Amino acid sequence: MRIAVVGTGYVGLVTGACFAEVGNHVTCLDIDQVKIAQLQQGKLPFFEPGLEEKVLQNRQAGRLKFTTDPKEAMKEVDCLFLAVPTPPKEDGSADLSYLEKAVHTLRPLIPENALVVLKSTAPVGTTRSLAKLLSPLAVVCNPEFLKQGNAVADFCRPDRILIGADCLIAANRLKDLYAPFSMNHNRILTMDPESAEMAKYASNAMLATRISFMNDLSRLCESTGADVTKVRLAMGADQRIGYHFLYAGAGYGGSCFPKDVNALRAMALAYGFDMPLLKAVEEINQRQKQLLGEKIRAHFAPHGGVDGKTIGILGLAFKPDTDDMRSASSLPLIHTLVEEGATLRLYDPVAMTRAKTLLHQEPSLIWCANEEEVAQDADALVLVTEWKQFRFLDFPKLLQAMKGTAFFDGRNQYPIEEMVKFGFTYIGIGRGTSPLHLENMENSSGTATRIHR
Ligand SMILES: NC(=O)c1ccc[n+]([C@@H]2O[C@H](COP(=O)([O-])OP(=O)(O)OC[C@H]3O[C@@H](n4cnc5c(N)ncnc54)[C@H](O)[C@@H]3O)[C@@H](O)[C@H]2O)c1
């Protein structure tokens, strides 16, 4: 099949490369000339594990092309995927202007038998509106569920492939295209467009709700002496609950959860009612993004405050295995600490370039090449993004390089007992420790226990 993917971002490029991999001829179209020029030279515009080799191989095999020319992309195309952004408007609702502009440009160029597939996350009713606008072309929706950082694997072995269509023939055309990704067992769910569109928002909102629930609970854990990481294990063992997405931390970020939670609520408001749960999910997340800053402020309050302190930040991207900085929890933290007079030593395995463009030439930011450099003369270290390589750090070496002993674990990655044994003053999220447990630890380790809430 000849496929065009409109929008060559995290979703579009993965979609294009994976469809090319199974033998289709794919043209990726974008309005961003720099991005397309980079791709034409075999350079990826962002980091996504496993994507580079797929893009390069398929480009070399002549199955994957990149263009800014809509005519070239639409030439003899059988199927086109719309994967343009649907960012939030000020009121939280989805901004469909990218989609509208793309459709306006492409409408006269789309061959009459082509299937139009809406892959962008868009409010309920969008597929039907597009179908009216593009009539008599067949339009179906196919919301994407890939996760940045694992996008190629998610696309090739998805939990489900969702097709929202009224027309069986159109749905079957898309099913055929997805057949190579649904070999081992049927992963394709077909339903009406409204339900498919809603399912995408509902899934992201549910995941965000679980995170905010745990973050909210973590505050109570801290106050009561419970440890949220242990509470999670007990909760997750219940098969009705499961272990996934029960992590307390520094809040969720990225381009999807915040925008989709708000867009779902905006959809409800447009129908005349509120969804207070979603409002709380978002408010808890906003509050959580301030929490590390508050903990750092409280820790240094008796020692002259944050002003003049050096703080090392481990991880900048909104999550591991991506260089995406959109709504990253590191950003509000960095801004707060800089405003309060701290010098920050920063390191992320892949997001440094993107972070530098966002944070400009702030003189109090020192860009480091690795974890050891981050620790140099630092009064405190803060883990913000839980990259795998941060899991097994050489803690004695880091501590030796540091001026202070504080370690703020924004993702609850480390066992408290071990961190205390190393000599850190450990501050996690929601890791209250009962007085009896503290006493036992002191007795068994023979060292002073330093755990701060
Ligand atoms: N990023 C994710 O993890 C993810 C996962 C599932 C769904 N989604 C949804 O997929 C959609 C795309 O997200 P993304 O993260 O890939 O966005 P992105 O910002 O990474 O990429 C979008 C691309 O579309 C291009 N574009 C904008 N207008 C265009 C036009 N008229 N013609 C051609 N190209 C155009 C932009 O230049 C950009 O390169 C959004 O609706 C998002 O909610 C994203």
Side-chain angles (χ1 to χ4, degrees), residues 4-18 27-39 44-49 51 66-74 80-89 92-107 109-110 116-123 126-127 130 141-155 158-162 196-197 199-205 207-208 252-264 317-328 354:
V5 181
V6 183
T8 312
Y10 288 91
V11 168
L13 187 55
V14 172
T15 302
C18 293
T27 305
C28 290
L29 173 72
D30 208 289
I31 48 170
D32 185 335
Q33 295 187 351
V34 177
K35 195 180 254 190
I36 292 298
Q38 263 182 301
L39 284 159
L44 259 67
F46 53 82
F47 173 80
E48 183 59 46
L51 185 58
F66 303 98
T67 184
T68 52
D69 178 3
K71 267 192 207 139
E72 186 189 338
M74 291 303 116
L80 72 107
F81 287 85
L82 296 165
V84 295
T86 47
K89 289 203 275 201
S93 65
D95 176 358
L96 297 181
S97 61
Y98 292 90
L99 203 54
E100 286 157 4
K101 273 187 204 142
V103 169
H104 179 77
T105 309
L106 300 175
R107 191 162 64 163
L109 306 172
I110 307 173
V116 179
V117 184
L118 174 61
K119 207 164 217 352
S120 301
T121 304
T126 308
T127 309
L130 283 182
C141 75
N142 168 225
E144 181 51 60
F145 291 94
L146 61 76
K147 302 178 286 296
Q148 282 173 237
N150 198 49
V152 172
D154 285 345
F155 194 93
D159 292 333
R160 74 295 214 190
I161 296 160
L162 188 53
E197 289 164 333
K200 172 63 196 175
Y201 281 106
S203 301
N204 274 356
L207 294 171
Y252 59 74
S255 69
C256 292
F257 285 3
K259 103 174 154 57
D260 291 351
V261 166
N262 286 327
L264 187 55
F318 89 89
K319 65 182 227 176
D321 296 316
T322 183
D323 59 354
D324 196 349
M325 291 290 300
R326 289 181 284 188
S327 300
R354 257 166 215 268

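Quick caveat, the model's predicted, so the values are computed rather than measured. Starting from 1, each residue takes its place in the sequence as its number. Counting convention: from 1, in listed order, for ligands and their atoms alike.
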* Asked: Does a side-chain heavy-atom distance below 4.5 Å link Lys200 with Cys141?
  ->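 Of all side-chain heavy-atom pairs linking Cys141 with Lys200, none is under 4.5 Å.
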* Flag side-chain contact, heavy atom, 4.5 Å: Thr121 against Lys259 ->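 Thr121 vs Lys259: side chains touch.
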* Sequence neighbours excluded, which residues qualify as salt bridge (Lys or Arg N to Asp or Glu O under 4.0 Å) partners of Asp324? ->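 Testing Asp324 for salt bridge (Lys or Arg N to Asp or Glu O under 4.0 Å), a comparison that skips the adjacent residues, returns Arg326.
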* To do: Heavy-atom cut-off of under 4.0 Å around ligand 1: list whichever protein residues fall inside it, by chain and number.
  => Val6, Gly7, Thr8, Gly9, Tyr10, Val11, Leu29, Asp30, Ile31, Asp32, Lys35, Ala83, Val84, Pro85, Thr86, Tyr98, Ala102, Ser120, Thr121, Glu144, Leu146, Gln148, Lys200, Ser255, Cys256, Lys259, Arg326
* side-chain hydrogen bond (donor to acceptor under 3.5 Å, both in side chains) partners for Asp321, two or more places apart ->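 side-chain hydrogen bond (donor to acceptor under 3.5 Å, both in side chains) list for Asp321, sorted by chain: empty.
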Check residues 67-74 and write down every donor-acceptor pair under 3.5 Å in which the side-chain atom is one partner and the other belongs to a residue at least two apart or another chain.
unit_1 : atom_1 : unit_2 : atom_2 : d
Thr67  : OG1    : Asp69  : N      : 2.9
Thr67  : OG1    : Glu72  : OE1    : 2.9
Asp69  : OD1    : Lys71  : N      : 3.0

* Glu197 vs Thr127, side-chain hydrogen bond (donor to acceptor under 3.5 Å, both in side chains): CA-CA, chis, key distance, verdict -> CA-CA 8 Å; Glu197 289 164 333; Thr127 309; 2.4 Å; yes
